[in-house]
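Every chain is numbered from 1, with letters handed out A, B, ... down the list of sequences.
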Amino acid sequence: MRFTDLLIPTLRDAPADAEIASHILLTRGGFIRRLASGSYNWLPLGLRVLRKVEAIVREELDRAGAEEILMPVVQPAEPWQRSGRWDVMGPEMVRLKDRHDRDYCLSPTQEEVVTELFGGTVKSYRQMPRNLYHIQTKFRDEIRPRFGLMRAREFIMKDGYSFHMDEASFEETYAAMHACYSAILSRIGLDFRAVEADPGAMGDGDSHEFHVLADTGEDRLAYSPTSDYAANVERAAAPALADDASIETLSRVATPGARTIADVAGLLGVESRRCIKTLIVHADGGSDERPALVALVLRGDHQLNEAKAARVPGVKRPLNFAADAEIEASLRVQAGSIGPVGLPIPLLVDGSAATLKSFVCGANQDGYHYTGANWARDVGEAIRTADIRNVEEGDAAVDGSGALRFMRGIEVGHIFKLGTKYTDSLNVAIQDAKGAEVAPVMGCYGFGVTRCVAAVVEQCHDADGIVWPDAVAPFDIHIVAVNNTKSEQVRDTADTLHRTLSHEGFSVLLDDRDERPGVKFADADLVGIPHRITVGDRGLRDGVVEYRRREAPDVQRVPVAEVTPTIRASLPR
RNA sequence: CGGGGUAUGGCGCAGUCUGGUAGCGCACCUGCUUUGGGAGCAGGGUGUCGGGAGUUCAAAUCUCUCUACCCCGACCA
């Protein structure tokens, strides 16, 4: 391909709205252009990368025994109504009507449609198990699209769904998909980690996320440097820390105006880890006007993990903080002076707060706190404890392997168990060997294709531009023809190399523009094609061209006739 | 949705406080010179100053309002 035949609008300046490397470089390099918030046009260069990622995903899934299908983006409301999700999906799902006033949605995911497709076509255990996937545009009206392709409203996802007669069969496919995702990311050439994850609204079963490691990632991952253990911080179990203090006497002190842990700790001259904070959230039961409340109690230096707290029985899910007015109506004290001593609502205490022998807490009277409080003596034995905090760097890993460390990642894949949620609600049953009807167990496997393109750039770039891994580069080889419009020899040599290398099966981009060399070199670095050949009069006087790899600065002078073997040696087909 | 911010040529920005009829760099077009890391000179085109309403002799600038976009939080591939 010739540069002049492709629309590659490189930019010297980044658009002001782009903040992270992938967004800036993909825009500057002419790979993508924004259409609206969270939606992007893919230009020729960008589309070539996207197709390469797709092809790898497709090949690895096919190899792992999954079958590709394609389902519609615009879907009728009925399957969603049957599963009950038409009402629970909320504004994230875009809805529309056709000319007959019938309801439709833009597909944010495919559980309903694939389950009904499966149910209508598979009847016998002899046809089981099945593992169906497709690669398709998804639309989610995100609360806040951001970071370019990273969190877009319209994006391309590979979503797969497996159906099984029993758990054992499901486990087998789950393991196969786990291995498949690792193979995909390894082939692309990414540094990644599979971590234990929170299955979110999808259930309580096994769940793993695949993260591309990058400092700009939105997720924090906890891992053990000395074992295989790794988990999303949202999910990672937090140990109950021991307390070395001694029991003190309870006394009430005035703390006027001190509302935060930092205020109280500063005023009383104690460490924040010796204070506890009491957060009031809605409990199950109660009415809209007068919701039932429950108090979540944590050490002052710890952060509440909302997902963990919401999973504790009795706590309303999703977690909902009580409004100040509700707190004052029920407890007759303002937030800031609440504490567990004498509090008339149920307490749910984090493990590390429950082990404190002596602590500072709100006195349930505005402007007062207790010091020297003790659980058994001042609150009573009947408290519930649970792990409801975020782990912190340095906490012990649950597998006993030592202190956890943190890193950041970009979630490009998520696999989890769906159980029989959809086969039950959509009445899909398969006959087993004895003729009995069984609701199949489902697994669900998502991979963000467009997000993955952004993740590659986040991990593979330098100050000058993108550094594509061979596997997903838009082209294998970038020929920079220096002063090609002036030098016939340069033009002819570049054309010949272009032709020969293409015949060898490499994809080649020839920069044949009438631009100064500096412009071409800068664009070549920006666009990031991994192998570059520079053809110029300077080298051709000695019968050589220059070869360098995008990732390394060293330049190799190569006789024109040796170009093909040189490339073949460093870029095996 | 809560909080913060931005909107001026294709891109990046100044001008807004203190109203006087729009400017800079890059990009683009023409010509000449130049040509191995984002060239120089000369000439040229390019704007509903986000939309609407208002104040005023006069509005990019002041007022009201709407919209779009970005950043921080809850959500997710």
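Taking the side chain of A:Thr534 as heavy atoms from C-beta on, and the options B:C75, B:G36, B:C71, the nearest nucleotide is B:G36. Residue A:Ile143 places its side chain closer to B:C75 than to any other of B:C75, B:A77, B:G12. Set against B:U35, B:G38, B:C69, the side chain of A:Ser37 has B:C69 as its closest nucleotide. Nearest nucleotide to the A:Asn483 side chain, out of B:U35, B:G36, B:G37: B:U35. Comparing B:C11, B:C75, B:C69 by their nearest atom to the side chain of A:Ala36 picks out B:C69. Nearest to the side-chain atoms of A:Phe521 among the listed nucleotides B:C28, B:C72, B:G36 stands B:G36. Proximity note for A:Arg516 (side chain, C-beta onward) versus B:A74, B:C11, B:U34: the nearest is B:U34. With B:C69, B:G25, B:G36 as the choices, the nucleotide that has an atom nearest any side-chain atom of A:Asp13 turns out to be B:G25. Taking only side-chain atoms of A:Arg146, from C-beta outward, the nucleotide of B:G73, B:C76, B:G36 with the closest atom is B:G73. Closest approach to the A:Phe155 side chain among B:G38, B:C71, B:A77 is made by B:A77 (side chain taken as heavy atoms from C-beta onward).
Base engagement by A:Asp523 is indicated by at least one non-hydrogen atom pair under 4.0 Å involving a base atom. A:Glu92 comes within contact range of the sugar-phosphate backbone alone, with a heavy-atom separation under 4.0 Å but no base atom that close. Residue A:Arg153 is classed as having no contact, given no heavy-atom separation below 4.0 Å to the nucleic acid. Residue contacts for A:Ala14: at a heavy-atom cut-off of 4.0 Å it reaches the sugar-phosphate backbone alone, with no base atom in range. Within 4.0 Å (heavy atoms only), A:Lys158 reaches no atom of the nucleic acid at all. Counting any heavy atom pair closer than 4.0 Å across all strands shown, A:Val412 reaches sugar-phosphate atoms only and no base atom. Among the atoms of the strands shown, base atoms are found under 4.0 Å from some heavy atom of A:Ala152. Contact annotation for A:Gly413: backbone-only contact, meaning every heavy-atom pair under 4.0 Å involves sugar-phosphate atoms and none involves a base.
Atoms CZ (A:Phe192) and P (B:A77) sit 18 Å apart, rounded to a whole Å. Rounded to an integer number of Å, the gap from A:Arg541 CZ to B:G36 C1' is 11 Å. Here B:A77 presents its P atom at 14 Å from CD of A:Gln110, a figure rounded to the nearest Å. A:Leu304 places its CG atom 16 Å from the P atom of B:G73, with the value rounded to the nearest Å. Here B:A77 presents its P atom at 15 Å from OH of A:Tyr445, a figure rounded to the nearest Å. Going from atom CZ of A:Phe147 over to atom P of B:A77 covers 18 Å, rounded to whole Å. For the pair A:Arg548 CZ and B:G36 P, the computed distance is 18 Å after rounding to whole Å. Following rounding to the nearest Å, A:Asn320 (CG) and B:C75 (P) show an atom-to-atom distance of 12 Å.
A:Tyr40 and A:His23 have perpendicular rings, their planes meeting at more than 60° on a 0 to 90° scale where under 30° would count as parallel. Ring geometry for A:His178 against A:Tyr174 counts as tilted: the plane angle lies between 30° and 60°, on a 0 to 90° scale.
B:C13 and B:G50 are spaced 15 Å apart, taking the P atom of each and rounding to whole Å. To the nearest whole angstrom, the two C1' atoms, one in B:U48 and one in B:C24, are 22 Å apart. Rounded to a whole angstrom, the distance from the C1' atom of B:A60 to that of B:G52 is 16 Å. For the P atom pair drawn from B:A74 and B:G19, the interatomic distance equals 44 Å after rounding to whole Å. For the C1' atom pair drawn from B:G20 and B:U46, the interatomic distance equals 25 Å after rounding to whole Å. Taking atom P on both nucleotides, B:C28 is separated from B:G2 by 44 Å, rounded to a whole Å. Nucleotides B:C29 and B:G10 have their P atoms positioned 15 Å apart, rounded to a whole Å. For the P atoms, the distance from B:U18 to B:U61 is 14 Å, rounded to whole Å.
Taking for each of A:Asp514 and A:Glu142 the nucleotide of RNA chain B with the nearest heavy atom, the 5'-most of the two is the partner of A:Asp514. Comparing A:Pro517 and A:Arg144 by the nucleotide of RNA chain B whose heavy atom lies nearest to each, the residue mapping closer to the 5' end is A:Pro517.
Summarising the base pairing, B:G73 is matched to B:C1 through a Watson-Crick or G-U wobble pair whose two defining distances lie under 3.5 Å. In this structure, B:U48 makes no Watson-Crick or G-U wobble pair, since no nucleotide meets both defining distances under 3.5 angstrom. When both pairing distances are held under 3.5 Å, B:G19 makes no Watson-Crick or G-U pair with any nucleotide shown. With both pairing distances under 3.5 Å, B:A14 is matched to nothing as a Watson-Crick or G-U wobble pair. Under the Watson-Crick or G-U wobble criterion, with both distances below 3.5 Å, B:U30 is paired with B:A42. Under the Watson-Crick or G-U wobble criterion, with both distances below 3.5 Å, B:G36 has no partner in any strand shown. Pair assignment for B:U63 gives B:A53, based on Watson-Crick or G-U wobble hydrogen-bonding distances that are each under 3.5 Å.
Contact annotation: side chain of A:Arg151 to base of B:C76, donor-acceptor pair present below 3.5 Å. With hydrogens and angles left out, the side chain of A:Arg451 and the base of B:C76 share a donor-acceptor pair within 3.5 Å. At a cut-off of 3.5 angstrom, counting only N and O atoms as typed in the model, there is no donor on one side facing an acceptor on the other between the side-chain of A:Asp537 and the base of B:G36.
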Assess the residue pair A:Asp219 and A:Asn232 against the criterion (side-chain hydrogen bond (donor to acceptor under 3.5 Å, both in side chains)); give the C-alpha distance rounded to whole Å, side-chain angles, the decisive distance to 0.1 Å, and a yes or no. CA-CA 7 Å; A:Asp219 287 278; A:Asn232 197 307; 3.3 Å; yes

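A donor-acceptor pair is defined here as one N or O able to donate and one able to accept, closer than 3.5 Å; no such pair exists between the side chain of A:Asp495 and the backbone of A:Asp492. Proximity of a side-chain donor or acceptor of A:Trp468 to a complementary backbone N or O of A:Val456 within less than 3.5 Å is not detected. In this structure, A:Thr450 contributes its side chain and A:Ile156 its backbone to a donor-acceptor pair below 3.5 Å.
Taking the charged nitrogens against the carboxylate oxygens, A:Lys158 and A:Glu60 have no contact shorter than 4.0 Å, which rules out a salt bridge.
Within 6.0 Å of the CG atom in A:Asp215, the count of heavy atoms belonging to other residues, nucleotides or ligands does not exceed 12.
Screening A:Arg146, A:Arg408, A:Arg144 for a salt bridge (charged side-chain N to carboxylate O under 4.0 Å, His left out) involving A:Glu218 leaves a single residue, A:Arg146.
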